[in-house]
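Report on one structure; see the data block that follows.
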Amino acid sequence: MSIPVLRVEEFLLASIQDALTDSEALQLKRNILAQIRRSRARGVLLDVSGVDVVDSFTARILGSIGDAAELMGAPTVLVGLQPEVAMTMVELGLELQGITTALNIDRGLHMLRALAGERNR
Amino acid sequence: MADRHVPIAHEADIVTARRQARDLAIELGFDVLGQVHIATAVSELARNIIQYAGNGEITLSVAHDERRRGLALTCSDQGPGIANLDLVLAGGISPVRGRGRGLTGARALLDEFRIETVPGRGTTIWGCKWLT
């Protein structure tokens, strides 16, 4: 299953709606980074509302998408983390370094617009 | 409920194992948090099997004691074993990327956790989460 990466305003939106295998997660990372370059996106929204397990590998991939996208000048906002998944990540001590989070797509979009505005100045 | 045997040999089996674990957790009546804990622990253990042993098996079953029921899991492989188990479990070895993270993570999410490993012969892990 490959995750579509859509354009929303000046940003990219990737909605993960199902369990990803490790290679699908790596593929998603490559897609997002390639699309940032191609479409000159100014930020990335990663919607994980459909993700019911974030283990150490998944957390590492999500974090590395954020790190690499940030290096390219496109900050990443992770949105829609399910409460039970968030609680489990805390118990595992998993952190998403280099990634900002927001409750849902609306708020994430808001955040990205603000970040893009700041960088415009 | 019959035991579920999930062969672990390919990356896609990690997803299958955690789905099966979640399904059984739902059947047993675990709440969503319990389901996520179980599925996440199984995901870590299944990935460890692929990464360190190549292949193995995870068996999911119903656990009983006098007072309660739970979900039991057994992960077995015939891989190289874990030479320095104490150090790995203490988080001293590859705590960020490797087996240490997976094992300590799974242990934190389950109520019972026991490892038997013989270098050169393989590793068996028993875990259980009780319904509270």
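Computed from a predicted model, the values in this text were never measured in an experiment. Chain letters run A, B, ... following the sequence lines, proteins first and then strands; every chain starts at 1. Side-chain atoms are counted along with the backbone in the values below, which use heavy atoms only and exclude waters and symmetry mates.
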*Quick one: pull up CG in A:L20 and CD1 in B:I14 and give me the separation to the nearest 0.5 Å.*
12.0 Å
Let me check something: do [X] and [Y] share a hydrophobic cluster, defined by ILVMFWY side-chain heavy atoms less than 4.5 Å apart, either directly or through other members?
| X | Y | result |
| --- | --- | --- |
| B:L71 | B:V62 | yes |
| A:L115 | A:L109 | yes |
| A:L81 | A:M111 | no |
| A:L12 | A:L62 | yes |
| B:I49 | B:I115 | yes |

*Out of A:T21, A:D22, A:V54, which one racks up the most heavy-atom pairs below 4.5 Å with chain B?*
A:D22
*Between A:L92 and B:G105, what is the shortest heavy-atom contact and its length?*
CD2-CA, 3.1 Å
*If you link I, L, V, M, F, W and Y whenever their side-chain heavy atoms are under 4.5 Å apart, who else ends up in the same group as B:W130?*
none
*Do A:D52 and B:R19 sit within salt-bridge range, that is, some charged N less than 4.0 Å from a carboxylate O?*
no
Quick check on [X]: does its [atom1] atom have over 12 non-hydrogen neighbours (other residues, nucleotides or ligands) under 6.0 Å away?
| X | atom1 | result |
| --- | --- | --- |
| A:R7 | CZ | yes |
| B:H10 | NE2 | no |
| A:R37 | CZ | no |

Side-chain donor-acceptor pairs of residues 26-35 of chain A under 3.5 Å, sequence neighbours excluded:
residue	atom	partner	partner atom	Å
A:Q27	OE1	A:R30	NH2	3.1
A:Q27	NE2	A:N31	OD1	3.4
A:K29	NZ	A:S64	OG	3.0
A:Q35	NE2	A:V5	O	3.4

*Using heavy atoms and a sub-4.5 Å threshold, report which of residues 29-37 of chain B line up against chain A, by residue number.*
B:V32, B:L33, B:V36, B:H37
*asked:* Heavy atom to heavy atom, less than 4.5 Å: which residues from residues 41-51 of chain A reach chain B?
replied: none
_If we ignore hydrogens and angles and just use 3.5 Å, is the side chain of B:E44 paired with the main-chain N or O of A:D55 as donor and acceptor?_
no
